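Counting convention: from 1, in listed order, for ligands and their atoms alike. The shown structure was predicted, so the numbers you read here are calculated from the model rather than taken from an experiment.
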Amino acid sequence: MTFVSIVNSFGRMSLPPIFGTPTANVSAFNASSFPTTIRPEDGTGESSSPNIPFSAGGMMDTILTTTGHVSPLAQLVVFFYKLLGTQFGLDPSMVLAILGFIWGALKIGSQIHDYTQRFIDDYLMCAMYISEDDHIYLHLMKWLSHHPSIRNNQYLMAQTVWKSAWEEEEELEDALFWTDGGEVGGGNRMYLNFANQAARSSPRFVPAMGSTAFWHKGTYFRVHRKKESFVNTHSWGGPMKDLEEIKVSCFGRSIDPIKELLADAKALYYNDTRQKTTIYRPRVKEQRRDHNMWQQVARRPVRPMSTVVLDSGEKHDILADVNEYLHPWTPRWYASRGIPLRRGYLFHGPPGTGKTSFSFALAGVFGIDIYVISLQDAGVNEEDLATLFTKLPRRCIVLLEDIDTAGLKRDLSSESDDKTEDKKSEEKGKKDKKKKHKSTSDTSDGESESEVEVKPKKRASRKRDAGKKNPVAVDGISLSGLLNAIDGVASHEGRVLIMTTNKPEALDEALIRPGRVDVQVKFSNASSVQAGELFHRMYEASRHNETSKTAIAEGQADKSNEQPVAKDDTEELEGITAEEMKTISEEFGRRIPEGVFSPAEIQGFLLKRKKVPRRALDEVSEWVEATMRQKEANSKVSTVQ
Ligand SMILES: Nc1ncnc2c1ncn2[C@@H]1O[C@H](COP(=O)(O)OP(=O)(O)OP(=O)(O)O)[C@@H](O)[C@H]1O
């Protein structure tokens, strides 16, 4: 269709607003009013360019005069239209036809490209899909961020990486900054300064959304990242949730190269975690996904078992028991006898005696991760707890701390329930515990001692919730909910469950019956020998590290000709022989009374004198006396620290 015929057809249509006001005289646009060959109107009535068969200016001017007001856009179109005809001698209808052809060709080209792409994808390539929910996603993203060709890619996404204290420590050790503390009369003392630390930590670069190609071990790979929104069917999070998916593809009919790539990614991810224990906690509700209920909160260096002071026979027994349970043939043994594959430990004892420390040391010995659940966590209700237990890896430690505070769920809606529960508590001593547990699922048998302690807190939170008028304010976990989670039908088998408590007597029998708790371990205050061991460990470990640390500190000081603050404290450690250290440790142990102080208390005392063992020995008797007086007076205020 030529331009003239297009224009002719205008006569039968209503005029678009771009050509003037809606009241413009459309009949003036009738095809009969146009000559079939239009010449430019230059005032003479003759064409200045006889070779031009079509004069756009004339036609457009006619349009303009017949349509009244013209928008700037239309004027621009007319201008170019005139330019084509008068300046370049081109037939505008031809130009339009060419443009149309190019557009069509592009469209067909893109269709062909899509079909070809689909054909290649379907018949010449293989692909693997990885969901954001999965741990492999983390492995792959970390691996991609380390890959040289990805790092040099044109389209990248920058991500801030939050590092734990231990990861930072490794990076920072060689690049410490020191500043003057600004003390009056403080001499040239220098102190660490971390002001520009944030500026020095670089982001992580990963492929941007869309496709990114790279070569790895001689194979061409393509990574395609895309994000999609889904309707959220869970109680947590908003109505919609975004989920990213990565498609990794490579040429050929074998998917092995992709599997190898993922294995490499996994190896890299765990390469630096081998000597670390990873700690997970439940994700906040908004971020939970089907396969991603747990969030990694820290990766700390493995705690050596030798640093936990405990009866060596007992330590060995527990290690052997866990070892047997985690052995690959154990599941078959349990299955053939119809016993659920579970192992539960109860660590009980006064605060600060090493229950948590021992759990971490266990995780380090067996190279497994720790999943910590706090039953006081407001974001974890019974339903969540059950789901969390089903989303555990094959081998792990689940740490339920301060279990004596479990079973405290109340009906939040009525104040009268408080009274009922208080009454139940009073009656508890008289009633048979087991019977009571069976009769009420919402209140725990283990409420007595621990409950008194946590009640004010629970009531306060209940009032807060009631204030919010939350109709489903059922936060808090009942004993039955907890039992359901730890050994319900859906509960994960294979995990090591460790429960810790300061008050084992307050626990319900149902919670600690064999099958739920198989091994009980008592943690006690330190004996004199253990106090000596703690002392020895504190200073002996420092002595090994001190030489290198002092060298670094001296190096810094030499550079600035000033003295870092740590230096003089290390001198005492350097001057003590191994033999002398042993003697001092034993003497220190003798000065600590048997079973009075927790290892945490002794550690606290030593930490304040961490580089001066002789001074610690000199001051320990005074500290023991003052602290014992404080304990007798039931005071929280220390006079000697
Ligand atoms: N037996 C121990 N051997 C070595 N260190 C110990 C021991 N017990 C406690 N500590 C030290 O005391 C601190 C507190 O220990 P931990 O948290 O393991 O105690 P806990 O028994 O779990 O306390 P709580 O009952 O209050 O949770 C830690 O820094 C740990 O290093």
Enquirer: Considering both backbone and side-chain atoms of G354, is one of its nitrogen or oxygen atoms within less than 3.5 Å of a nitrogen or oxygen in ligand 1?
Expert: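 Right, the criterion is met.
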Enquirer: Within the 4.0 Å heavy-atom shell around R303, which atoms of ligand 1 are there?
Expert: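 Here the atoms of ligand 1 in question are 4 (C), 5 (N), 30 (C), 31 (O).
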Enquirer: Heavy atoms only, cut-off 4.0 Å: how does K503 contact ligand 1, side chain, backbone, both, or neither?
Expert: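 K503 to ligand 1: no contact under 4.0 Å from either part.
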Enquirer: Would you mind running through ligand 1 and noting each atom that sits below 4.0 Å from a heavy atom of R537?
Expert: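 Within the 4.0 Å cut-off of R537, ligand 1 contributes 4 (C), 5 (N).
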Enquirer: Going by atom types alone, do D518 and Y325 pair a side-chain donor with an acceptor below 3.5 Å?
Expert: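 Distance-only check fails for D518 and Y325.
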Enquirer: For ligand 1, find out whether one of its N or O atoms is nearer than 3.5 Å to an N or O atom of D402.
Expert: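 No: no nitrogen or oxygen of D402 is under 3.5 Å from one in ligand 1.
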Enquirer: Who gets closest to atom 12 (O) of ligand 1 by heavy atom: S524, A600, P351?
Expert: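 Minimum heavy-atom distance to atom 12 (O) of ligand 1 goes to A600.
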Enquirer: Counting heavy atoms not belonging to K315, are there more than 12 under 6.0 Å from its NZ?
Expert: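 Counting neighbours around NZ of K315, more than 12 heavy atoms of other residues, nucleotides or ligands fall under 6.0 Å, so yes.
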Enquirer: How far is atom 4 (C) of ligand 1 from its nearest protein heavy atom, and which residue and atom is that?
Expert: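 Among all protein heavy atoms, the one nearest atom 4 (C) of ligand 1 is T307 O, 3.1 Å.
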Enquirer: Any chance the side chains of S528 and E594 put a donor and an acceptor closer than 3.5 Å?
Expert: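 There is such a pair (donor and acceptor under 3.5 Å, judged by atom type) between the side chains of S528 and E594.
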Enquirer: What part of Q603 sits under 4.0 Å from ligand 1 if we count only heavy atoms: the side chain, the backbone, both or neither?
Expert: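 Only the side chain of Q603 comes within reach of ligand 1.
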Enquirer: Hey, which of V496, I370, L392 is the one that makes side chain to side chain contact (heavy atoms under 4.5 Å, CB included) with V398?
Expert: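 That would be L392; it is the only one of V496, I370, L392 passing the side chain to side chain contact (heavy atoms under 4.5 Å, CB included) with V398.
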Enquirer: Name the closest protein heavy atom to atom 16 (P) of ligand 1, giving the residue it belongs to and the distance to 0.1 Å.
Expert: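 Result: S357 OG, 3.6 Å.
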Enquirer: Using the ring of each side chain (for Trp, its six-membered ring), is H139 parallel, tilted or perpendicular to H135, with breaks at 30° and 60°?
Expert: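 Answer is perpendicular, since the angle exceeds 60°.
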Enquirer: Which class fits the ring pair Y371 and W294: parallel under 30°, tilted 30 to 60°, perpendicular over 60°?
Expert: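 Rings of Y371 and W294: perpendicular, over 60°.
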Enquirer: Output yes when the distance from some N or O of ligand 1 to some N or O of F358 is under 3.5 Å, and no in every other case.
Expert: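 In this structure, F358 places no N or O atom under 3.5 Å from an N or O of ligand 1.
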Enquirer: Should the pair E579-K582 be classified as a salt bridge under the 4.0 Å nitrogen-to-oxygen rule?
Expert: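 Salt bridge between E579 and K582, a charged N being under 4.0 Å from a carboxylate O: no.
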Enquirer: Looking only at protein heavy atoms, which one is nearest to atom 3 (N) of ligand 1, and how far off is it?
Expert: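 Here the closest protein heavy atom is V309 N, 2.7 Å.
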Enquirer: Is the number of heavy atoms from other residues, nucleotides or ligands within 6.0 Å of CD (E324) greater than 12?
Expert: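 Atom CD in E324 is not packed in, count stays at 12 or less.
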Enquirer: With a 4.0 Å cut-off on heavy atoms, is T500 in contact with ligand 1?
Expert: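 No, that is not the case, since the closest heavy atom of the residue is not under 4.0 Å from the ligand.
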Enquirer: Answer yes when D369 and R395 have at least one side-chain N-carboxylate O distance shorter than 4.0 Å, and no when they do not.
Expert: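 So D369 does not pair with R395 through a salt bridge.
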Enquirer: For atom 27 (O) of ligand 1, what's the nearest protein heavy atom and its distance?
Expert: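 Nearest neighbour among protein heavy atoms for atom 27 (O) of ligand 1, to 0.1 Å: T356 OG1, 3.9 Å.
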Enquirer: Could you check atom 21 (O) of ligand 1 against the protein and tell me its nearest heavy-atom contact, residue, atom and distance included?
Expert: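 Among all protein heavy atoms, the one nearest atom 21 (O) of ligand 1 is K355 NZ, 2.7 Å.
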Enquirer: Could you list the atoms of ligand 1 found under 4.0 angstrom from a heavy atom of P599?
Expert: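 Once the distances to P599 are compared, the set is 1 (N), 2 (C), 6 (C), 7 (C), 8 (N), 9 (C), 10 (N).
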Enquirer: Is L534 touching ligand 1 with its side chain, its backbone, both, or neither, if touching means heavy atoms under 4.0 Å apart?
Expert: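 Contact part for L534 vs ligand 1: side chain (C-beta onward).
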Enquirer: Report yes or no: does N502 have a heavy atom closer than 4.0 Å to ligand 1?
Expert: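 Yes, that is the case, since the closest heavy atom of the residue is under 4.0 Å from the ligand.
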Enquirer: Backbone or side chain, does any N or O of G352 fall under 3.5 Å from an N or O of ligand 1?
Expert: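 Min N/O separation from ligand 1 is below 3.5 Å for G352.
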Enquirer: Quick test of your reading of the model: are E622 and R591 salt-bridged, counting only N-O distances below 4.0 Å?
Expert: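 Between R591 and E622 there is no salt bridge, as every charged N stays at least 4.0 Å from the carboxylate O atoms.
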Enquirer: Can you confirm whether more than 12 heavy atoms, excluding those of K631, are under 6.0 Å from its NZ atom?
Expert: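 Enclosed.
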